[in-house]
Amino acid sequence: MPAIVIVGAQWGDEGKGKATDLLGDSVDYVVRYQGGNNAGHTVVIGDESYALHLLPSGVLSPGVTPVIGNGVVIDPGVLIEEIDGLAGRGVSCERLLISANAHLIMPHHRALDRVTERFLGTARIGTTGRGIGPSYGDKAARMGIRAEDLLDPGILAQKLELVLREKNQVLTKVYNRRGIDAAAVSAEYLGYADRLRPHLADTSLILNKALDQDEVVLLEGAQATLLDVDHGTYPFVTSSSPTAGGACAGSGIGPTRITRVIGIVKAYTTRVGAGPFPTELRDAQGEWLRKTGGEYGVTTGRERRTGWFDAVIARYATRVNGITDYFLTKLDVLSGLDKIPVCVAYDVAGQRHDEIPMTQTEFHHAVPVYEYLDGWWEDISAVHDVGGLPRNARAYVGALEEMIGAPVAAVGVGPRRDQTLQLRPLI
């Protein structure tokens with residue numbers, strides 16, 4: 001059976017959690033393959049809203065095994081708090097599996113994230129300050145601490161002593177901050193071990209065996225294509241690879257096992273944090289989109305930057321991810337507009353670009369070239385099939401489908417699980 005990847009096709013917050021939840025009844029495993037608690041998914045089931053940060057959205061689907069893959073960086077205290085929060089609402093995480101190879105976010109990562117971002121001043125990247133970047137940095141530098149190290153107190157103490165020998169020098173002598181005590185951190189993290197021990201596993205082995213047994217594995221990324229450390233708007237990106245290729249590295253599933261890549265894209269565009277955003281609206285229309293769409297970060301509560309749909313970045317996402325199908329979300333937010341601008345190309349110093357310019361400098365100076373599509377006034381949040389959409393809403397979906405280079409298989413007309421219109425099967 002196939003492994004299916006769900007990936008954000010913009011700068012994040014497209015509604016990946018809703019898409020994963022929609023497919024939850026049809027899959028056996030849902031795997032989070034990268035990122036940390038700097039991201040969040042909101043899933044609305046009936047009158048209940050769930051904000052997930054580290055846990056895969058599949059935790060809300062009975063019978064699904066949720067998996068945190070090796071590509072994720074985990075703050076154990078945050079994870080346990082999230083597990084307990086769901087338990088208090090009657091959602092069990094008993095089936096949760098955590099890769100023993102996943103790296104841990106440590107106190108020195110959080111401390112360094114905050115002070116370095118503050119030190120950058122106006123050149124800051126806009127991180128959440130939760131230690132994700134420094135944790136991935138230590139992973140690449142081979143100084144990281146993994147979940148499996150919680151099972152060996154001697155190894156944990158040895159690794160902490162070694163890494164804090166350097167990190168404390170940076171904190172105290174460069175940033176004039178207090179150093180971190182290795183013994184105290186070791187005691188704190190060993191306290192997490194008893195809670196997490198039953199969940200630790202060789203998840204790569206388990207997932208590949210599941211595929212061999214004709215079970216369906218859904219791979220869920222955090223953030224999105226334009227925040228990928230290689231393929232995003234560098235340096236204003238995350239520290240991992242949210243693209244479909246990152247799903248293989250972050251889960252231990254080979255690329256030949258992936259048969260479908262579902263891109264999630266909003267009917268307009270948003271971004272959190274610093275960095276270029278060609279279609280950004282800094283006026284009353286941008287504020288209207290923010291308020292109407294509820295564009296505030298799940299994890300941080302920060303206001304999201306808002307703008308019109310950008311077909312250039314969507315085409316780019318189709319290409320770098322190999323997207324086979326799209327889920328278009330929040331179409332209902334655009335109801336009530338007479339004309340809807342869609343960015344079809346960029347103007348850079350008088351030259352038209354139908355694709356993202358090659359250099360960072362050019363992209364920073366890109367001016368959107370708009371086409372204007374007819375809007376609709378009807379409230380579409382109660383529509384149950386595509387045929388029930390107003391003619392102009394259907395035309396808008398069709399126009400985007402043609403521009404972005406892959407078919408739209410589903411359309412979201414509201415936040416709830418039942419507010420999704422399917423044009424064709426996603427599995």
Side-chain angles (χ1 to χ4, degrees), residues 1-9 16-35 41 43 52 54-74 92-103 146-148 196 198-223 225 228 240-264 318 320-327 406-407 409-410 422 424-427:
M1 288 296 287
I4 301 164
V5 180
I6 284 185
V7 63
K16 295 179 292 296
K18 181 180 180 181
T20 304
D21 180 65
L22 175 70
L23 299 174
D25 294 336
S26 305
V27 305
D28 301 290
Y29 291 81
V30 175
V31 185
R32 170 79 178 274
Y33 60 83
Q34 50 77 222
H41 296 318
V43 178
L52 305 175
L54 276 166
L55 291 168
S57 303
V59 73
L60 300 173
S61 299
V64 172
T65 300
V67 178
I68 296 177
N70 57 276
V72 178
V73 290
I74 300 170
S92 172
C93 295
E94 188 177 21
R95 298 170 69 99
L96 173 68
L97 298 177
I98 302 169
S99 172
N101 289 343
H103 280 246
R146 303 201 290 187
E148 64 185 69
L196 298 182
H199 301 288
L200 296 182
D202 183 345
T203 54
S204 172
L205 177 63
I206 290 169
L207 292 172
N208 277 280
K209 283 187 173 181
L211 290 169
D212 290 340
Q213 293 165 6
D214 291 334
E215 294 183 289
V216 180
V217 174
L218 187 65
L219 299 149
E220 171 190 74
Q223 290 98 23
T225 302
D228 187 277
S240 57
S241 294
T243 44
C248 298
S251 66
I253 292 175
T256 55
R257 310 208 76 159
I258 294 171
T259 60
R260 203 161 201 173
V261 179
I262 301 170
I264 315 302
T318 303
V320 299
N321 291 292
I323 289 173
T324 58
D325 305 88
Y326 268 103
F327 185 165
Q422 286 205 241
R424 54 182 61 83
L426 282 168
I427 293 184

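For this chain, numbers begin at 1 and follow the sequence in order.
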*Hey, which of T259, I427, V217 is the one that makes side chain to side chain contact (heavy atoms under 4.5 Å, CB included) with P2?*
T259
*What is the distance from atom CD1 of I68 to atom CG of L196, rounded to the nearest 0.5 Å?*
8.5 Å
*Looking only at heavy atoms, which two atoms of E220 and P56 are closest? And how far apart?*
OE1-CA, 3.3 Å
*Side chain proximity check, I206 to Y29, heavy atoms < 4.5 angstrom*: yes
*Atom pair CD1/CD1 of I264 and I6 - distance to nearest 0.5 Å*: 5.0 Å
*Return the minimal non-hydrogen interatomic distance between A147 and S99, and the atom names on each side.*
CB-O, 3.8 Å
*How far does CD of Q34 sit from OG1 of T243, to the nearest 0.5 angstrom?*
8.0 Å
*Shortest non-hydrogen separation from A102 to I74 and the atoms involved*: CB-CD1, 3.7 Å
*Main-chain N/O of L96 paired with H199 side-chain donor or acceptor, under 3.5 Å*: yes
_Close side-chain approach of L60 to L52, heavy-atom, < 4.5 Å_ = yes
*asked:* For L219 versus A3, what's the shortest heavy-atom pair and its separation?
replied: CD1-CB, 4.1 Å
_Euclidean distance, K209 NZ relative to L211 CG, rounded to 0.5 Å_ = 13.0 Å
*asked:* Using 0.5 Å steps for rounding, measure from the CG atom of L200 to the CD atom of E148.
replied: 9.0 Å
*Is any side-chain heavy atom of C248 less than 4.5 Å from a side-chain heavy atom of I258?*
yes
*Closest non-hydrogen atom pair, G8 against K16*: N-CD, 3.4 Å
_Nearest atoms (heavy-atom pairs only) where A406 meets T318_ = CB-CG2, 4.1 Å
*OG-CG distance between S57 and L23, expressed to the nearest 0.5 angstrom*: 10.5 Å
